[in-house]
There are 2 protein chains.
Amino acid sequence: MLSKTSEYAIRALVFIQLQQIQNKRPGVIEIAKEIEAPEAFTAKVLQILTRNHLVQSMKGRGGGFFFKDNKCELTLFDVIQHTEGDLIFKKCGFGLTQCSDENPCPLHDKYDAIRDGFLQIAKAETICSLSQKIISGKAVLNRLVTMN
Amino acid sequence: MLSKTSEYAIRALVFIQLQQIQNKRPGVIEIAKEIEAPEAFTAKVLQILTRNHLVQSMKGRGGGFFFKDNKCELTLFDVIQHTEGDLIFKKCGFGLTQCSDENPCPLHDKYDAIRDGFLQIAKAETICSLSQKIISGKAVLNRLVTMN
DNA sequence: TTATAAAAAGATACCATTGTCCTTTTATAA
DNA sequence: TTATAAAAGGACAATGGTATCTTTTTATAA
Ligand code: FES
Ligand code: FES
């Protein structure tokens, strides 16, 4: 399971992309509301992302977050690397100090396949690809009931 | 990823089973050493398991942990239920308040498959089946270098 | 040029999981 | 029957992830 930080990061980036398509540049307050995350914590998560240039930001009036050159083709793997590292993709499912093909734990064969499947998802899906699913109505960003 | 509590629980139960086959009844100290877990914490984990009758215990001299009627055919799913609940098998991978087929998040299709794969492992593998892999030399319980 | 709006940064608080320690209960062996 | 060995239980401490608050920096609009 991903950490809250990773979840918020991914959801925030998808929302930023959705807004960017409409030529908008959302700020922390709006983003936090839309992804159903606490405001101050969302700000911290976005700080990590901008510090690592996964997304750009502008300070001051009219500022907010956006993708440079409409470049949202970053993978979930990239995002997760910066939010929680890659332990989740490497850890032994049985709890051994390290996973090993040569000296496997009794869960290795099956667990390794699952873990690798998740890695494939993380490397295949991008902020763009997730956004696309939402735009085409095949998926949702949140569980807010919109009352507009 | 499983919690430490779940990992320790599964490893401890497997070790108990391995010992039981040799007509031994290990105690907390030995178990903790073998599964490379802190002693006092291992005791707590074993308390949870015995309270829920996933394994039996005997107090006093010559006491320790064992399976009644050599019954170690409990699934990892059963163990995990008692150690950390089933959130891990149900949670939305994108962080939405609940996972839903009808109203999916953009990760749902792929994530659901992975999560279900893990559930299948947890329901298929038992303490017995894991022990068997160790007995047959196909897997190891720990990364201790045995110096006997 | 000043007021305002927004992100960045730093400090701190909260909470669940993980981990430790000490006392009590229970069974066995001597 | 007493000493001993072991699990059970209760209270507490450490840690890391999550969350909050306040101040500082920066950019824009008026
Ligand atoms: S050794 Fe345990 S998952 Fe690879
Ligand atoms: S709705 Fe997100 S995983 Fe099912």
Spacing of B:Lys24 atom NZ relative to D:dA6 atom P, expressed in whole Å: 15 Å
Between C1' of C:dT17 and CD1 of B:Ile48, the distance in whole Å: 11 Å
Proximal nucleotide (of D:dA7, C:dG19, C:dA11) relative to the A:Lys44 side chain: C:dA11
B:Thr50 side chain, from C-beta outward: closest of C:dA9, D:dA8, C:dA27: D:dA8
Separation of atom CG in A:Leu87 from atom C1' in D:dG17, rounded to whole Å: 14 Å
Greater than 12 external heavy atoms within 6.0 Å of B:Ile29's CD1: no
Nearest-nucleotide pick for B:Ala40, side chain only, options being C:dC21, D:dT28, C:dT18: C:dC21
Nearest-angstrom distance from the residue atom NZ of B:Lys4 to P of C:dT20: 12 Å
NZ (A:Lys33) with more than 12 external heavy atoms under 6.0 Å: no
Opposite nucleotide pairing with D:dT4, Watson-Crick or G-U, both atom distances under 3.5 Å: C:dA27
Between P of D:dT22 and CD of A:Glu39, the distance in whole Å: 13 Å
Partner of A:Leu74 under side chain to side chain contact (heavy atoms under 4.5 Å, CB included), chosen from A:Leu49, A:Thr126, A:Ile127: A:Ile127
Gap between atoms CD1 and P, on B:Ile88 and C:dT17 respectively (whole Å): 13 Å
A:Ser57 side-chain N/O to C:dA6 phosphate OP1/OP2 under 4.0 Å: no
base_contact_polar (C:dA9 base, A:Gln47 side chain, donor-acceptor, <3.5 Å): yes
side-chain N/O A:Arg51 vs C:dA9 OP1/OP2, d < 4.0 Å: yes
Side-chain N,O (A:Tyr8) to OP1/OP2 (D:dT18) below 4.0 Å: no
Pairwise 5' ranking along DNA chain D for A:Gly62 and A:Leu2, keeping only the more 5' one: A:Leu2
Nearest-nucleotide pick for A:Arg61, side chain only, options being C:dT18, C:dA27, D:dA29: D:dA29
Among D:dA19, C:dT20, C:dT25, the one nearest B:Phe41 by side-chain distance: C:dT20
Spacing between B:Lys59 atom NZ and D:dA6 atom C1', to the nearest angstrom: 9 Å
SG-SG under 2.5 Å, B:Cys92 vs B:Cys105: no
Check: B:Val45 and B:Phe41 side chains under 4.5 Å, non-hydrogen atoms: yes
Interatomic distance, B:Leu46 CG vs D:dG9 C1' [rounded to whole Å]: 14 Å
Base-pairing assignment for C:dA8 (Watson-Crick or G-U wobble, both under 3.5 Å): D:dT23
